[in-house]
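Worksheet for the structure shown next.
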Amino acid sequence: MTKPVLGYIEHITLPNFGIACYAKVDTGACTSSLHADHIEPFKRDGERWVRFHVQFDNDHHTINQVCEAPVVARRIIASSNGQRSSRYIIRTTLAVAGSLWPIEISLSNRGSMKYPMLIGRKA
């Protein structure tokens, strides 16, 4: 199977969450990251879930979506500036370059960034 070639910036969708936006492709980052605020863990049928708000508004994007997903893990992730933080990890489907890919995403506040999502090398 031939893998698609991605550029530095790609238009993506997260169909499970109804989100479409531009994302930065960063092979220096291991895990993909999605902007999220008001992250609230909760239980559903005995399983760990998380509810989060993706609200991102700049010249390139306007997103205002409340999402829910099962929690895969909680991991310590180092940001590009070396700061480490504990983040919830979820799984979802990424649609990019005409293909669908199952990926893991960490939830973090990317409000100061230009793009609401970063696609890491594991994706």
Side-chain angles (χ1 to χ4, degrees):
M1 181 169 116
T2 304
K3 292 183 181 178
V5 175
L6 300 181
Y8 177 61
I9 306 299
E10 287 289 334
H11 187 267
I12 62 98
T13 60
L14 301 173
N16 297 345
F17 301 134
I19 293 173
C21 65
Y22 285 95
K24 178 181 171 185
V25 176
D26 184 355
T27 58
C30 187
T31 307
S32 299
S33 178
L34 177 65
H35 173 71
D37 281 322
H38 308 293
I39 300 169
E40 302 172 23
F42 67 98
K43 294 268 188 179
R44 177 175 286 162
D45 299 325
E47 301 290 323
R48 293 186 326 152
W49 280 64
V50 66
R51 180 178 300 112
F52 54 97
H53 189 192
V54 181
Q55 185 172 17
F56 202 91
D57 193 6
N58 65 17
D59 294 342
H60 305 282
H61 307 90
T62 301
I63 303 169
N64 187 4
Q65 189 74 20
V66 176
C67 307
E68 295 181 349
V71 173
V72 172
R74 189 143 188 197
R75 295 187 196 133
I76 302 296
I77 306 282
S79 68
S80 59
N81 65 10
Q83 189 172 5
R84 300 167 68 82
S85 62
S86 177
R87 298 185 193 171
Y88 286 100
I89 308 296
I90 61 169
R91 277 194 192 103
T92 193
T93 301
L94 169 71
V96 62
S99 298
L100 296 174
W101 304 91
I103 65 167
E104 288 189 352
I105 297 176
S106 74
L107 302 177
S108 67
N109 189 319
R110 295 182 50 81
S112 63
M113 305 296 181
K114 188 173 182 179
Y115 300 99
M117 184 162 173
L118 180 139
I119 301 173
R121 67 179 173 270
K122 281 188 177 179

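This is a predicted model, so every value here is computed, not measured.
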For Ile77, which fellow cluster members are found when Ile, Leu, Val, Met, Phe, Trp and Tyr are connected by side-chain heavy-atom distances below 4.5 angstrom, either directly or through intermediates? Val72, Ile89
Return the CD1 to CZ distance between Ile90 and Phe52, rounded to the nearest 0.5 Å. 4.0 Å
Connected to Phe42, directly or through other members, by ILVMFWY side-chain contacts below 4.5 Å are Trp49
Side chain to side chain donor-acceptor pair (under 3.5 Å) partners of Thr31, counting only residues at least two apart: none
Could you tell me the separation between the CD1 atom of Ile19 and the SG atom of Cys67, rounded to the nearest 0.5 Å? 4.0 Å
CD1/Ile39 to NE2/His53 distance, rounded to the nearest 0.5 angstrom? 12.0 Å
Flag, side chain of His35 to backbone of Gln55, donor-acceptor distance under 3.5 Å: yes
Contact summary for Gly18 and Gln65, nearest pair of heavy atoms: O-OE1, 4.4 Å
Side-chain (Ser32) to main-chain (Gly120) donor-acceptor, under 3.5 angstrom: yes
Taking CD in Glu47 as the centre, count heavy atoms belonging to other residues, nucleotides or ligands within less than 6.0 Å. Is the count above 12? no
Among residues at least two apart in sequence or on other chains, which ones pass ring-ring contact (aromatic ring centres under 6.0 Å, His included) with Tyr88? none
Quick test of your reading: applying salt bridge (Lys or Arg N to Asp or Glu O under 4.0 Å), list the pairs with at least one residue in residues 9-18, sequence neighbours left out, ordered by first then second residue. none
Exercise: identify the closest heavy-atom pair between Pro116 and Ile63: CG-CD1, 3.9 Å
Partners of Arg75 by salt bridge (Lys or Arg N to Asp or Glu O under 4.0 Å), sequence neighbours excluded? Glu104
Quick one: pull up CG in Leu6 and CD1 in Ile12 and give me the separation to the nearest 0.5 Å. 11.0 Å
With sequence neighbours left out, write down each residue that passes side chain to side chain donor-acceptor pair (under 3.5 Å) with Ser33, or none if nothing qualifies. Ser108
For residues 112-121, the salt bridge (Lys or Arg N to Asp or Glu O under 4.0 Å) pairs (sequence neighbours left out) are none
Sort and list the pairs that fulfil salt bridge (Lys or Arg N to Asp or Glu O under 4.0 Å) and have at least one residue in residues 18-39, not counting sequence neighbours. none
Suppose we screen for side chain to side chain donor-acceptor pair (under 3.5 Å). Which residues come up paired with Thr62, at least two apart in sequence or across chains? Asp57
List, by chain and number, the other hydrophobic cluster members for Ile9, where Ile, Leu, Val, Met, Phe, Trp and Tyr join if side-chain heavy atoms come within less than 4.5 Å, directly or indirectly. Tyr8, Tyr22, Tyr115
Under the side chain to side chain donor-acceptor pair (under 3.5 Å) rule, collect the residues that match up with Glu68, sequence neighbours excluded. Arg44, Arg51
